[in-house]
There are 2 protein chains.
Amino acid sequence: MRYSHKLSDAVHILAYVEIYHDSDLSSGAIAASVESNPALIRRLMSALRRADLLTTQQGTAQPRLTREPAVISLLDIYRAVEDNDNLLHVDDKTNPQCIVGGNIQETLRGAYQQVQRAAENQMAQIKLADLITEIWTREKQRETL
Amino acid sequence: MRYSHKLSDAVHILAYVEIYHDSDLSSGAIAASVESNPALIRRLMSALRRADLLTTQQGTAQPRLTREPAVISLLDIYRAVEDNDNLLHVDDKTNPQCIVGGNIQETLRGAYQQVQRAAENQMAQIKLADLITEIWTREKQRETL
DNA sequence: TTAAGTGTTACTCATATTGTTACACCATTT
DNA sequence: AAATGGTGTAACAATATGAGTAACACTTAA
């Protein structure tokens, strides 16, 4: 597969809506910032809306966050846009007549769950507000050059 | 992309080599257990050899682990077979003239590194020996049915 | 020397993501 | 009310990666 950056683009959209809340928030304007196309932006916004992170209004470009960036985590966004939310994947076609093939699937599933949990715990601790703050900090640094 | 299960198959190979060390260890025999094909097995074994986890001998089916399963971690195997070893991916084509587009890449890179580190720490704690033990335990339970 | 295995490459197939286009529907403005 | 410009969604093409397959030089062992 191609390496997905849906999560990155979704964070981009939410940060954009927050930072530019008084400017043009049309899918076209956001697409220009993401260097993508309006349809992709609207698709991702649909997912964010289904996850109750964003509200939109058909016909008018007025997306708004449903909560404060401080209480939106990277994990919330990840779950909103990555429907298959597993980072590692078991090979579910192995020979059950073999000691290894017959038992490795469940074994690996348990191990991968532990890895998943560790990653998700970390994602839960990273808030959209943290990311927006860092974006601003980096912007200030860029301006002084 | 299709969801990669190279890691799962690589663990399968190593467990197979350990458990069946006195039986047929040809790529064909392992492929039958993985329900895959010999070329894929040999490709993965090449990667495991490059990572110094496995030794092989051309012409004869004698793969051997280079160390005890207790000192081979899931992380070692992961790094051996996943050449792009990042679980999350930054969109590296964003508009630098925008506050968000110009700063989100580095911001997300840092956040993703934290997630990666958490996942890798967990992978480092899971040893091949643990997985093999669990495979045996499950096999014993299957036998009693 | 023959048989069987490895190591590697090239090619095809399957699938997931992104790009593109289209169009019904909605809101605002004139 | 008509025109304009936006959203929401679906269909399709383009692209990229993983996995399947076949081929072949090289190696080992009988």
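Naming: A, B, ... by sequence-line order, numbering from 1 per chain.
A salt bridge links A:Arg142 with A:Glu139; the closest basic N to acidic carboxylate O contact falls under 4.0 Å. Salt-bridge check for A:Glu106 with A:Arg109: passed, with a basic side-chain N closer than 4.0 Å to an acidic carboxylate O.
For DNA chain C, none of the residues of residues 91-102 of chain B falls under the heavy-atom distance limit of 4.0 Å. A heavy atom lying under 4.0 Å from DNA chain C marks none of the residues of residues 105-112 of chain A. For DNA chain C, the neighbouring residues in residues 25-43 of chain A, judged by any heavy atom under 4.0 Å, are A:Ser36, A:Asn37, A:Ala39, A:Leu40, A:Arg42, A:Arg43.
Listed pair A:His5 / C:dT17 fails the phosphate criterion, with no side-chain N or O lying under 4.0 Å from OP1 or OP2. In this structure, B:Lys6 does not reach the D:dA19 phosphate: none of its side-chain N or O atoms is under 4.0 Å from OP1 or OP2.
The shortest non-hydrogen separation linking B:His89 to A:His5 is O-CB, 3.4 Å.
Rounded to whole Å, atom P of C:dT18 lies 7 Å from atom CG of A:Asp9. Computed from coordinates, the B:Leu44 CG to C:dT6 P distance equals 14 Å when rounded to whole Å. Computed from coordinates, the A:Leu48 CG to D:dT7 P distance equals 14 Å when rounded to whole Å. Atom pair B:Tyr3:OH and C:dA14:P shows a separation of 19 Å (rounding to whole Å applied). One atom, CZ of A:Arg50, and another, P of D:dG8, lie 11 Å apart when rounded to the nearest Å. A straight line from CE of A:Met45 to P of D:dG8 spans 7 Å, rounded to a whole angstrom.
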Under 4.0 Å protein heavy-atom contact, by nucleotide of nucleotides 25-30 of chain C - B base, S sugar-phosphate only: BBS---
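Here the side chain of A:Asn95 pairs a donor or acceptor atom with the backbone of B:Ala32 at under 3.5 angstrom. Counting only distance, with no hydrogens or angles, the side chain of A:Asn121 and the backbone of A:Ala118 share no donor-acceptor pair below 3.5 Å.
Taking 4.5 Å as the limit, every side-chain heavy atom of B:Tyr20 sits out of range of all side-chain heavy atoms of B:Ile30. Taking 4.5 Å as the limit, some side-chain heavy atom of B:Gln116 sits within range of a side-chain heavy atom of B:Asn86. At least one side-chain heavy atom of B:Leu88 sits less than 4.5 Å from a side-chain heavy atom of A:Leu87. Within the 4.5 Å cutoff, side-chain heavy atoms of B:Tyr16 are placed close to those of B:Leu25. Side-chain contact between A:Arg117 and B:Gln122 is absent, with no heavy-atom pair separated by less than 4.5 Å.
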Sequence neighbours excluded and cut-off under 3.5 Å, please list the side-chain donor-acceptor pairs for residues 125-133 of chain B, or say none.
from     : atom 1 : to       : atom 2 : distance (Å)
B:Lys127 : NZ     : B:Ala124 : O      : 3.0
B:Asp130 : OD2    : B:Lys127 : N      : 3.0
B:Thr133 : OG1    : B:Ala129 : O      : 2.8

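Here A:Ser8 contributes atom OG and B:Gln105 contributes atom CD; the two are 9.0 Å apart, rounded to the nearest 0.5 Å.
Listed by first and then second residue, the side chain to side chain donor-acceptor pair (under 3.5 Å) pairs that reach into residues 55-69 of chain B are B:Arg49-B:Thr56, sequence neighbours excluded.
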